[in-house]
There are 2 protein chains.
Amino acid sequence: MQEVRTFVEKFVKTSDEEWAAFRNKLQFKEFDKDELFLKEGEVCKHALFITEGAFRFYKIVDGNELVTAFFFTGDYLSDYQSFLTQSPSNYYVQALRSSKVYLISKKDLTELYNNYPNFEKLGRLFAERLFLTMNRRLDTFLYETPEGRYAELVNRNSKLLQEVPQYMIASYLGVKPETLSRIRKRI
Amino acid sequence: MQEVRTFVEKFVKTSDEEWAAFRNKLQFKEFDKDELFLKEGEVCKHALFITEGAFRFYKIVDGNELVTAFFFTGDYLSDYQSFLTQSPSNYYVQALRSSKVYLISKKDLTELYNNYPNFEKLGRLFAERLFLTMNRRLDTFLYETPEGRYAELVNRNSKLLQEVPQYMIASYLGVKPETLSRIRKRI
DNA sequence: TTTATTTATTGACTGAAGTCAATGACGTTC
DNA sequence: GAACGTCATTGACTTCAGTCAATAAATAAA
């Protein structure tokens with residue numbers, strides 16, 4: 001649980017009282033490989049911090065899985081689209097291997113926002129960070145070729161390449177597995 | 001200035017005192033057609049609310065203008081990438097016609113965040129909204145063909161089609177002007 | 001170890017956007 | 001009204017990812 005606090009402290013300094021209030025809301029949970037945290041159509045009521053493990057987001061479009069995101073040990077994740085608006089999710093969120101996480105509910109988080117300006121600030125900084133991440137990802141689709149996107153992924157996140165099968169990476173890059181295979185050959 | 005308050009009130013209810021503090025920070029400015037609010041390499045130190053007018057974001061990649069966003073009367077805009085991180089912008093932000101705006105500086109906004117939890121909350125809600133917008137736009141690139149993106153634009157934002165030359169729309173959709181012309185012909 | 005099953009690679013072909021170049025439509029200016 | 005610049009359209013050709021199908025490699029199961 002200390003690792004969650006360390007993570008939070010990267011955004012705001014918390015007093016012991018604040019942290020106690022936060023920790024109080026956390027709920028531990030384990031996921032088996034392939035187990036789903038969220039299904040399409042469900043409302044995402046929790047955010048989670050990954051103590052150990054890996055998850056992916058994907059949606060199904062005309063029978064094909066399209067992967068949109070990966071998360072690993074030390075990351076914080078939620079389907080924000082659904083979480084923020086409390087509307088049905090478009091995604092499946094699945095553990096790629098057995099994983100350990102701490103959950104916090106939307107309800108509890110909202111309560112923390114309202115009772116502690118410091119957590120309201122955490123929420124803002126978090127949303128800002130989300131936006132920046134999203135922005136970067138959009139940019140790679142707007143300004144880079146698939147080959148450029150792959151090259152960038154290799155640089156920034158080569159660990160991901162070992163952990164995740166290639167057809168999921170292809171999907172994440174917005175190309176077919178065959179195409180990624182050819183891109184790799186070209187390099 | 002009332003219109004700015006109306007806009008803010010969509011996110012949080014403000015007391016008269018809070019609003020006075022906010023209004024105090026606003027600065028009126030007019031832009032001529034084609035005038036730049038921001039240049040590549042500059043740090044974006046302001047956000048602005050458009051009372052009347054239209055703006056576009058673009059960047060220059062190997063000599064080509066790539067348009068990434070449009071904003072119109074009643075919209076609020078900033079180069080958040082630069083504004084939030086106070087790092088040099090990658091974009092030009094240009095008035096598409098003569099425009100009237102209210103500016104608020106990063107410094108003043110930060111001050112409001114710190115002094116009024118209500119504005120901190122505004123900041124959070126705003127960042128969340130930004131994220132959702134970004135997310136939607138990314139989705140259109142991931143799951144739609146150029147033709148689909150154009151069709152969606154026609155539905156959602158047909159006003160934009162009248163206000164903006166077609167080659168900018170093409171760029172915004174991620175295709176060449178020739179391609180957009182052919183897409184329009186197909187429909 | 002052998003057999004299945006999943007994942008990755010390769011080849012031949014298709015399709016849609018890009019490129020280059022020419023023409024047409026429109027508005028502005030002199 | 002003629003001449004210019006800007007923007008939109010059209011045509012011929014190229015390029016690169018998608019598709020379909022076959023094979024090979026790697027994993028998991030028996």
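On a predicted model such as this, the values are computed, not experimentally measured, just so you know. The sequence lines fix the lettering, A, B, ..., with proteins before strands; numbering per chain opens at 1.
Atom CD1 of Ile183(A) and atom P of dT9(C) are 12 Å apart (whole Å). Look at CG on Leu66(A): it is 11 Å from P on dG18(D), rounded to the nearest Å. The interatomic distance linking Arg186(A) (CZ) with dC16(D) (P) rounds to 7 Å, in whole Å. Nucleotide dA17(D) holds its C1' atom 13 Å from the CG atom of Leu173(A), rounded to whole Å. In this structure, CD1 of Ile187(A) is placed 12 Å from P of dT9(C), rounded to the nearest angstrom. Between the CG atom of Leu180(B) and the P atom of dG18(C) there is a distance of 10 Å, rounded to whole Å.
Among the nucleotides dC20(D), dT9(D), dT7(C), the one closest to the side chain of Glu178(B) is dT9(D). Distances from the side chain of Tyr167(A) to the nucleotides dA8(D), dG11(C), dT7(C) place dT7(C) closest.
Neither OP1 nor OP2 of dT19(D) sits under 4.0 Å from any side-chain N or O of Arg182(A). The side chain of Gln166(A) places no N or O atom within less than 4.0 Å of a non-bridging phosphate oxygen (OP1 or OP2) of dA26(D). The side chain of Lys176(B) contributes an N or O atom lying less than 4.0 Å from OP1 or OP2 of dT19(C). Side-chain nitrogen and oxygen atoms of Arg184(B) include at least one within less than 4.0 Å of the OP1 or OP2 phosphate oxygen of dT9(D). Side-chain nitrogen and oxygen atoms of Ser181(B) include none within less than 4.0 Å of the OP1 or OP2 phosphate oxygen of dA8(D).
Both tests hold for Lys106(B) against Phe83(B): distance to the six-membered ring centre under 6.0 Å, angle to the ring axis within 45°. Annotation: cation-pi geometry satisfied between Lys29(B) and Phe31(B) (NZ/CZ under 6.0 angstrom from ring centroid, within 45° of ring axis).
For Arg186(B), the CZ atom sits in a packed shell: over 12 heavy atoms of surrounding residues, nucleotides or ligands are nearer than 6.0 Å.
A salt bridge is defined here as a Lys NZ or Arg NE, NH1 or NH2 lying under 4.0 Å from an Asp or Glu carboxylate O, and Glu52(A) with Arg97(A) meets this definition. Taking 4.0 Å as the cut-off between side-chain N and carboxylate O, Asp16(B) and Arg5(B) count as a salt-bridged pair.
Contact check of residues 139-160 of chain A against DNA chain C (heavy atom, cut-off under 4.0 Å) returns no residues at all.
With hydrogens and angles left out, the side-chain atoms of Tyr172(A) and Arg56(A) include no donor and acceptor closer than 3.5 Å.
Of the possible donor and acceptor atoms, none in the side chain of Arg124(B) sits under 3.5 Å from a partner among the backbone N and O of Ala127(A).
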